[in-house]
Amino acid sequence: MTQLSSAVGSTPLHEQVRSLLMREIDAGTYAEGERLPSEPELCERFGVSRITVRRAVADLEALGVVHRQQGRGTFVAPRREVVGTMTVGGFADKVVGDGLKSRRIMKAEVVKAQEKHARRLEIAVGEPVFHLVRVFALDDIPLSIDDSRYSLTRYPGLDGHIDHGTSTYQVLRDVYGVEFSEMYREIDVGFTNAQTAEWLDRPERDPLIVIRKRALDQDGAVVHTSRVKVVPSRVTLNMVARASD
């Protein structure tokens, strides 16, 4: 039996199972197209419940590492053909790859802040918010959707400065004098719905990596909140850590 840590404060069991299986797949223990051990076998190996194993395998499937076949089992997915690399670090998530980068606005609207978004932007309910949704692509292949919100009380007229070729960060720096100070990120997995599947040219219920972001300026005010949905079969994520000044 593979011993997992169940101490208080340790990594959740399903994440430990997921990480161990992913390392074994990367190391070639399970080859491309090979069937993983069955749920009962994994439960016995790791000493965990079926619910824990199912969550771990579902995470691997969402990341495109394995795929399940009804009545046959779970198999290691073919190695994906990566189109680009997204570097997640600093303030802007940069996509690198061979090809022409583009951004396309899918939605640009001024709305009143609802309670959830007002709380995250640290503004009053009902204040004007610029809601901007864009698709980022490389050689016309969609890689990600960026769904962002900005307070128009803090940045009046921002919506008038944005078009398909505009960098919002450049506008915020040049026009509003914003100096970025901190960026908070949460990374999760999700799936396409009818709308995002159409924008990303993917099937519905296709797995996505979801990055929730919250940027602060030098005074601690919230510059924007964002939810970035990345197609994991087309993009490799690089995580970057930088030493503090």
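As the structure is a computational prediction, the values presented were derived from the model and not from experiment.
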Measure the [atom1]-[atom2] distance between [X] and [Y] for me, rounded to the nearest 0.5 Å.
X      : Y      : atom1 : atom2 : answer
Arg18  : Thr52  : CZ    : OG1   : 12.5 Å
Thr225 : Lys116 : OG1   : NZ    : 9.5 Å
Asp146 : Phe136 : CG    : CZ    : 5.0 Å
Arg54  : Asp59  : CZ    : CG    : 14.5 Å
Ser49  : His14  : OG    : NE2   : 11.0 Å
Arg120 : Ser226 : CZ    : OG    : 9.0 Å

Inset, instruction - Identify, with sequence neighbours excluded, every residue that meets salt bridge (charged side-chain N to carboxylate O under 4.0 Å, His left out) alongside Arg68. - result: Glu61
Legend entry - Contacts of type salt bridge (charged side-chain N to carboxylate O under 4.0 Å, His left out), residue Arg212, not counting sequence neighbours: Asp188
For [X], look at atom [atom1] and say whether over 12 heavy atoms of other residues, nucleotides or ligands are found less than 6.0 Å away.
X      : atom1 : answer
Gln114 : CD    : no
Gln69  : CD    : yes
Asp163 : CG    : yes
Glu24  : CD    : yes
Arg202 : CZ    : yes
Arg104 : CZ    : no

Linking I/L/V/M/F/W/Y whenever any side-chain heavy atoms sit under 4.5 Å apart, do [X] and [Y] land together?
X      : Y      : answer
Val235 : Phe191 : no
Val125 : Val110 : no
Ile51  : Leu42  : no

Within a strict 4.5 Å, meaning less than it, do heavy atoms of the [X] and [Y] side chains meet?
X      : Y      : result
Met22  : Leu60  : yes
Lys229 : Ile209 : no
Thr168 : Leu158 : no
Val133 : Ile105 : no
Ile25  : Val65  : yes
Val222 : Arg214 : yes
Leu208 : Leu200 : yes
Arg134 : Ile145 : no

Inset, instruction - Would you please name every residue forming a ring pair (Phe, Tyr, Trp, His ring centres under 6.0 Å) with Phe46, sequence neighbours left out? - result: none
Inset, instruction - Could you tell me whether the side chain of Asp219 and the main chain of Ala221 form a donor-acceptor pair under 3.5 Å? - result: no
Legend entry - Sidechain-backbone polar pair: Asp139 side chain, Leu100 backbone, donor-acceptor under 3.5 Å: yes
With distance as the sole criterion, is a donor-acceptor pair present between the side chains of [X] and [Y] under 3.5 Å?
X      : Y      : value
Tyr184 : Glu186 : no
Ser181 : Gln218 : no
Ser19  : Gln16  : no

Legend entry - Check against side chain to side chain contact (heavy atoms under 4.5 Å, CB included), His131 and Lys107: CA-CA 7 Å; His131 181 205; Lys107 186 181 294 185; 3.8 Å; yes
For [X] against [Y], the heavy-atom pair lying closest together:
X      : Y      : answer
Arg50  : Pro40  : NH2-CG, 3.0 Å
Val228 : Lys213 : CG2-CE, 3.9 Å
Phe75  : Gly33  : CD2-O, 3.3 Å
Ala31  : Val76  : O-CB, 3.3 Å
Val17  : Ala56  : CG1-CB, 3.7 Å
Ala113 : Ile123 : CB-CD1, 3.8 Å

Legend entry - Identified side chain to side chain contact (heavy atoms under 4.5 Å, CB included) counterpart of Glu39 within the set Thr74, Val57, Val53: Val53
Inset, instruction - Under the salt bridge (charged side-chain N to carboxylate O under 4.0 Å, His left out) rule, what do Glu127 and Arg149 come out as? Steps first, then yes or no, please. - result: CA-CA 12 Å; Glu127 285 192 23; Arg149 285 176 168 82; over 6 Å; no
Inset, instruction - Would you confirm whether the ring centroid of Tyr155 sits within less than 6.0 angstrom of the ring centroid of Tyr150? - result: no
Legend entry - Sole residue of Phe130, Tyr169, Tyr176 in ring pair (Phe, Tyr, Trp, His ring centres under 6.0 Å) with His224: Tyr169
Inset, instruction - Begin with the C-alpha distance, continue with both residues' side-chain angles, and end with the deciding distance and a verdict on side chain to side chain contact (heavy atoms under 4.5 Å, CB included) for Leu216 and Val223. - result: CA-CA 5 Å; Leu216 307 184; Val223 179; 5.7 Å; no
